[in-house]
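Comments concern the structure below.
Chain identifiers are assigned alphabetically (A, B, ...) following the order of the sequence lines, protein sequences preceding nucleic acid strands; residue numbering begins at 1 within each chain.
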Amino acid sequence: MIDPSILRTDPDSLRESQRRRGEDVTLIDRLVEADVAKRAAGLRFDELRSAQKEIGKQIGPLQGSLKKTPDAAKQAELDALMAQASTLADQVKAASAEADEMQALADALWLQVSNVVSLESPVGGEADFTVIEHVGTPRDFAAEGFEPRDHLDIGEILDAIDTGRGAKVSGSRFFYLKGMGAQLEFALLNLAMQQAAENGFIPMITPSLVLPSAMEGTGFLGQAAENVYRVESDDMYLVGTSEVPLAAYHSDEIIDVAELPLRYAGWSSCFRREAGSYGKDTRGIIRVHQFDKVEMFVFTTPEEAEAEHARLLQWEKDFIDALEIPYRVIDVATGDLGSSAARKFDIEAWIPTQQAYREITSTSNTTEFQARRLKIRLRDEQGVRPLATLNGTLCAMPRIIVAILENHQQPDGSVVLPHALRPFLGGKAAFTPRA
RNA sequence: GGAGGCGUCGCCUAGUCCGGUCUAUGGCGCCGCACUGCUAAUGCGGUUUGGGUUUCAACACCCAUCGGGAGUUCAAAUCUCCCCGCCUCCGCCA
């Protein structure tokens, strides 16, 4: 949700944002209308209720005195008041229902409005991103004299990835990490958490099942709803990222500005239905239904949000740098932001066998959007007001593993390990196939 | 899963039996002012959150808010019902 007062002061900025996203602009007009109706109905209720309370205040004492000393004139006065109060009660009831209805209508419309996009974001669809920079140089396998294998071939040579049995047990897009594959994930987890801790993040292990309010509050039940697993028997959702439980962690709280920024590094399994991606990335573990991820999540002041966003991106780069993977950074276009982000940067790793850059991290500035929905506020000298939240991927396991296996492979199928990872793997310099 | 207890505006707490100046008591903490070499102590005042009216703004005022929802009533923190959460004990369990 965004600041409702913008609707009265500057509705055009909302229309412009909707236009840039390629979303419904007339939604704003309906919202303006609903907002006016809501306030009018609320005012009617307030006034009637005030009158009702006024009469109620007279009834009590009057009844009290009548109890002690009966008095015909006072009794008549009381009867009149009661009659008046009775009709007023009916009017209050009707006005209350009306006000509730108008409120619900406006709320429902608000939930459909995505965050206001940053004016810095490139305008357009998925393909209209701008490339901010390239880091590292892709290896020239031709010059090295061999054809690179894709991550699944390497994973199978090392007996580290088993998608066949994943499918047998759980269906397509499920996999097992085995032996060196599992060790690699644990090493990555440790490296990621070590870096996060050094940068002031509090490590967190979060719930994977959440209530609807948490899912709604983080903005995942809008356009992204089809990719969310719902557990019908208990009306809960499986999270697609620990962003959800991390954001909701402070819901309904007011945080003193001295506590900010609050930085959390969450570790969780992530579940995604991947609806609408039939036929895409069907081989290997680039696109799967369940994976593990270390996610950075920050609560900070709206004023600091943009600078924090830059820091998150830098920390993501630091991590990928440490893994010696070539990549590029893109500024995601307005039409591809997701409903809660005002601005988003993705890091895309070079995947040799695809001759393409593929997304491995994503960091979003969600400004006050999630905080308003989840009722997370800060308190400072200005008073109580919404804070800003941001998120960024530190290490999404399967895609990082893909990038490591493909970029660091050797002709015999072995994989040289990035130096930063070796301390977490008993000093080992490479994974080599068992003879 | 069973039995019992509890949920009040940051924290603790009074109020709930028996509905009506509850406009929710008191303490702690916090903020401001006064006093004071400084600090402490003391005194006075303020301190839930959200919506709205008015205003340049502030002040002021109105409404809602006692875990959530529904109901009874002229009137609900208080009575009734449903739900949620926490605690204790029992059962089951990694």
Pairwise [atom1] distance, [M] and [N] [rounded to whole Å]:
N	M	atom1	value
B:rA58	B:rG67	P	32 Å
B:rU8	B:rA3	C1'	27 Å
B:rC44	B:rC22	C1'	25 Å
B:rC89	B:rG46	C1'	46 Å
B:rC31	B:rG10	C1'	14 Å
B:rG69	B:rA64	P	14 Å
B:rC28	B:rG5	P	34 Å
B:rC66	B:rU78	C1'	10 Å

Given [N], is OP1 or OP2 found less than 4.0 Å from the side-chain N or O atoms of [X]?
X	N	answer
A:Arg49	B:rA75	no
A:Gln52	B:rA75	yes
A:Ser86	B:rC74	no
A:Lys57	B:rC74	no
A:Arg8	B:rG52	yes
A:Lys93	B:rU72	yes

Looking at residues 32-44 of chain A, who's got a heavy atom less than 4.0 Å off RNA chain B? A:Arg39, A:Leu43

How many Å lie between [atom1] on [X] and [atom2] on [N], as a whole number?
X	N	atom1	atom2	result
A:Asp234	B:rG1	CG	C1'	15 Å
A:Leu378	B:rG10	CG	P	17 Å
A:Gln58	B:rC74	CD	C1'	12 Å
A:Met82	B:rC74	CE	P	6 Å
A:Glu253	B:rC11	CD	P	10 Å
A:Glu47	B:rC61	CD	P	17 Å
A:Leu88	B:rC63	CG	C1'	14 Å
A:Ile55	B:rA75	CD1	C1'	11 Å

Is a donor from one side chain sitting under 3.5 angstrom from an acceptor on the other, for [X] and [Y]?
X	Y	answer
A:Thr393	A:Lys293	no
A:Asp318	A:Gln314	yes
A:Ser118	A:Asn365	no
A:Gln370	A:Thr389	yes

Going by purine N1 to pyrimidine N3 plus the second Watson-Crick contact, or the G-U wobble pair, all under 3.5 Å, which nucleotide sits opposite [N]?
N	value
B:rA60	B:rU53
B:rU80	B:rA70
B:rU65	none
B:rA34	B:rU42
B:rG91	none
B:rG85	B:rC6

Mind checking A:Lys53 for me? I need base, sugar-phosphate or nothing, with any heavy atom below 4.0 Å counting as a touch. sugar-phosphate

Under 4.0 Å, heavy atoms only, any strand: does A:Ile254 hit a base, just the sugar-phosphate, or nothing? sugar-phosphate

Evaluate A:Asp90 against A:Lys93 for salt bridge (Lys or Arg N to Asp or Glu O under 4.0 Å), listing each step before the verdict. CA-CA 5 Å; A:Asp90 290 339; A:Lys93 208 169 188 180; over 6 Å; no

On the side chain of A:Asp256, is there an atom forming a donor-acceptor pair with the base of B:rG10 - under 3.5 Å, no angle test? no

Nearest nucleotide by nearest heavy atom, which residue falls closer to the 5' end of RNA chain B, A:Gly56 or A:Gln103? A:Gly56

5'-most by nearest nucleotide on RNA chain B - A:Ser50 or A:Ile59: A:Ser50

Begin from the C-alpha positions of A:Asn115 and A:Ser340 and carry the test side chain to side chain donor-acceptor pair (under 3.5 Å) through to its verdict. CA-CA 5 Å; A:Asn115 201 356; A:Ser340 56; over 6 Å; no

Quick one: does A:Arg422's side chain have a donor or acceptor within less than 3.5 Å of a partner on A:Leu417's backbone? yes

Looking at A:Glu243, A:Met204, A:Glu295, which hits side chain to side chain contact (heavy atoms under 4.5 Å, CB included) with A:Tyr264? A:Met204

For residues 198-214 of chain A, which residue pairs qualify under side-chain hydrogen bond (donor to acceptor under 3.5 Å, both in side chains), counting only residues two or more places apart or in two chains? A:Asn199-A:Trp315

If you apply the rule salt bridge (Lys or Arg N to Asp or Glu O under 4.0 Å), what do you find for A:Arg30 with A:Asp24, and how did you get there? CA-CA 11 Å; A:Arg30 280 181 284 147; A:Asp24 185 5; 2.9 Å; yes

Side chain of A:Val384 (C-beta onward), nearest among B:rG52, B:rA64, B:rU49: B:rU49

